[in-house]
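All remarks here apply to the structure that follows.
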Amino acid sequence: MTTDWDVIGYVISSDHRVVVLGRLAEGPATPTRIAEDVELSVSHVSRALGSLRQKDLVELLVPEERRKGRVYGITSAGEEVWQDISAKDLAE
């Protein structure tokens with residue numbers, strides 16, 4: 001597996017993306033639960049989830065049309081990126 005520094009750089013350029021990805025590495029969660037766990041506002045978590053989804057690092061685990069109870073999980077690509085960030089101690 002090769003390290004994708006472009007994606008890692010993108011994630012670590014935002015503390016919010018780092019903590020949201022790290023939280024999802026522990027298991028699936030709703031934006032509200034993530035916000036409570038990492039002590040961020042739900043709007044910051046939602047923004048981070050949106051940008052992480054665009055990079056295919058996290059995924060919505062329920063149907064797209066669902067508005068309440070949206071559960072997110074980390075993808076295998078997200079897992080690899082998180083392992084690189086953790087192993088290289090790149091998270092702030």
Set of side-chain hydrogen bond (donor to acceptor under 3.5 Å, both in side chains) partners for [X], sequence neighbours left out:
X: Asp56; result: none
X: His16; result: none
X: Gln54; result: none

- Task: Quick one: pull up CH2 in Trp82 and OG1 in Thr75 and give me the separation to the nearest 0.5 Å.
- Result: 14.0 Å
- Say you draw a straight line from CD1 of Ile12 to CH2 of Trp5; how long is it, rounded to the nearest 0.5 Å? 7.5 Å
Side-chain polar contacts of residues 25-35 - donor-acceptor pairs under 3.5 angstrom, sequence neighbours left out - could you list them?
from: Thr30; atom 1: OG1; to: Arg33; atom 2: N; distance (Å): 3.1
from: Arg33; atom 1: NH2; to: Glu36; atom 2: OE1; distance (Å): 3.2

- Item | Those residues that, when tested against Glu39, pass salt bridge (Lys or Arg N to Asp or Glu O under 4.0 Å) (two or more places apart) | none
- Query: With Arg17, which residues qualify under salt bridge (Lys or Arg N to Asp or Glu O under 4.0 Å), at least two apart?
  - Reply: none
- Item | Path from Leu61 to Leu21 over hydrophobic side-chain contacts below 4.5 Å | yes
- State yes or no: do Val42 and Tyr72 share one hydrophobic cluster built from I, L, V, M, F, W and Y residues joined by side-chain heavy-atom distances below 4.5 Å, directly or via other members? no
- Query: For Val11, does its backbone N or O pair with a side-chain atom of Ser14 as donor and acceptor, under 3.5 Å?
  - Reply: no
- Message: I'd like to know if Glu59 pairs up with Arg70 as an ion pair, taking the criterion as any Lys NZ or Arg NE/NH1/NH2 lying under 4.0 Å from an Asp or Glu carboxylate oxygen.
- Response: no
- Query: Ile8 versus Ile85: any side-chain heavy-atom pair under 4.5 Å?
  - Reply: yes
- Query: Hey, mind stepping through Leu49 and Leu24 against side-chain contact (heavy atoms from CB on, under 4.5 Å) and telling me if it holds?
  - Reply: CA-CA 10 Å; Leu49 285 169; Leu24 286 176; 3.7 Å; yes
- Item | Contact summary for Val19 and Val38, nearest pair of heavy atoms | O-CG1, 3.8 Å
